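Down below is the structure, laid out as structure tokens.
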Amino acid sequence: MEQMSFGNKWRKWIFGCLSSARASVLVNGTPSDEFPITRGVRQGDPLSPFLFIIAMEWLHVAIQGASGRSLIHGVKLPNNGPTISHLLYADDTIFSGMWDLESIQNLSRILKCFEISSGLKINFHKSRLFGINVFDYELQSMAQVLGCLKSSFPFIYLGVPMGANMALKNK
């Protein structure tokens, strides 16, 4: 937040909110003694969405910059539409584009820098790489560069089938 020019007073308020948080657990309907939360923001914390947006701004700017310098290549939408290289939603990120080995290596470098600078950890065990018109061995090789698994269409994302023939589903 300091690198994004947030004021010292504001950063202290956020730190105070995060470092003074306490919780208790209901056991058979009875709350336990309170204990400090020592490992950052938890799911359901009202600050979570705002802190996620702040953290993801760095990743967004890095991906946009890499795309602008042709280090990675997003998908150009038809009819003078935008080029989409990434989508951020809740705590999920989707990268899309024309991925060759060099682009995958550049994405891997950006993600490593993001982890180092933000302190956030990307769960590569839950991450998947999908390919369209890509040989299986190429997809496997690129997935290894990222440290994730290769996968195939269709799949479910946020409860929505992706890559499935929706016309067949409605018959």
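Quick caveat, the model's predicted, so the values are computed rather than measured.
- By the neighbour-count criterion of 12 heavy atoms within 6.0 Å, atom NZ of Lys121 is densely surrounded, having more than that number from other residues, nucleotides or ligands.
- For His73, there are no side chain to side chain donor-acceptor pair (under 3.5 Å) partners two or more places apart in sequence or in a different chain.
- Looking at heavy atoms from C-beta onward, Asp100 lies out of side-chain contact with Glu138 at the 4.5 angstrom threshold.
- Taken to the nearest 0.5 Å, the OG atom of Ser67 stands 8.5 Å off from the CD1 atom of Ile63.
- Counting Ile, Leu, Val, Met, Phe, Trp and Tyr side chains that sit under 4.5 Å apart, directly or through other members, Tyr137 shares a hydrophobic cluster with Phe135.
- Among all heavy-atom pairs drawn from Met98 and Ser103, the shortest one is O-OG, 4.0 Å.
- Remark: Arg109 engages Asn106 in a side chain to side chain donor-acceptor pair (under 3.5 Å) (not counting sequence neighbours).
- For Glu102, there are no salt bridge (charged side-chain N to carboxylate O under 4.0 Å, His left out) partners at least two apart in sequence or on another chain.
- Of the inter-residue distances, the one linking Leu111 atom CG with Ser118 atom OG reads 10.0 Å to the nearest 0.5 angstrom.
- Minimum heavy-atom separation, His125 to Arg128: O-NH1, 3.0 Å.
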For Thr83 and Val75: C-alpha separation, side-chain torsions, deciding distance, then whether side-chain contact (heavy atoms from CB on, under 4.5 Å) applies.
CA-CA 5 Å; Thr83 299; Val75 175; 5.9 Å; no
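- Legend: residues meeting ring pair (Phe, Tyr, Trp, His ring centres under 6.0 Å) with Phe114, ordered by chain and number and at least two apart, are Trp58.
- From Ser108, atom OG reaches atom CZ of Phe124 across 6.5 Å, with rounding to the nearest 0.5 Å.
- Residues Ile110 and Ala62 come closest through the heavy atom pair CG2-CB, 4.0 Å.
- The salt bridge (charged side-chain N to carboxylate O under 4.0 Å, His left out) search around Asp136 returns Lys150, not counting sequence neighbours.
- Hydrophobic clustering (side-chain heavy atoms under 4.5 Å, transitive across Ile, Leu, Val, Met, Phe, Trp, Tyr) groups Tyr89 together with Met162.
- Side chain of Ser96 to main chain of Gly74: no donor-acceptor pair is present (N/O by atom type, distance under 3.5 Å, no hydrogens or angles).
- The side-chain heavy atoms of Trp99 and Val134, taken from C-beta on, include no pair separated by under 4.5 Å.
- Rounded to the nearest 0.5 angstrom, Ser85 OG and Lys76 NZ are separated by 12.5 Å.
- Ring-plane geometry between Phe130 and Phe153 is classed as tilted, the angle between the planes lying from 30 to 60 degrees on a 0 to 90 degree scale.
- Both Met56 and Leu107 are members of a single hydrophobic cluster when ILVMFWY side chains are connected at heavy-atom separations under 4.5 Å.
- Taking the side chain as every heavy atom from C-beta outward, Ile72 and Ile104 never approach each other to under 4.5 Å.
- Using a 4.5 Å cut-off on side-chain heavy atoms (C-beta onward), Val145 and Leu101 make contact.
- When side chains are defined from C-beta on, Leu129 counts as touching Met142, because their heavy atoms get closer than 4.5 Å.
- Atom CG of Leu87 and atom OG1 of Thr93 lie 9.0 Å apart (nearest 0.5 Å).
- The number of heavy-atom neighbours closer than 6.0 Å to CG of Asp33, taken from other residues, nucleotides and ligands shown, is 12 or below.
- Note on Ile156 and Leu158: separate hydrophobic clusters, where clusters join Ile, Leu, Val, Met, Phe, Trp and Tyr whose side-chain heavy atoms are under 4.5 Å apart, directly or indirectly.
- When every heavy atom of Ser127 is checked against every heavy atom of Ile122, the shortest pair comes out as OG-CG2, 4.3 Å.
- Between Gly163 and Pro154, the closest heavy-atom pair is C-CB, 4.0 Å.
- Atoms CD and CG, on Glu57 and Leu88 in that order, are 9.5 Å from each other to the nearest 0.5 Å.
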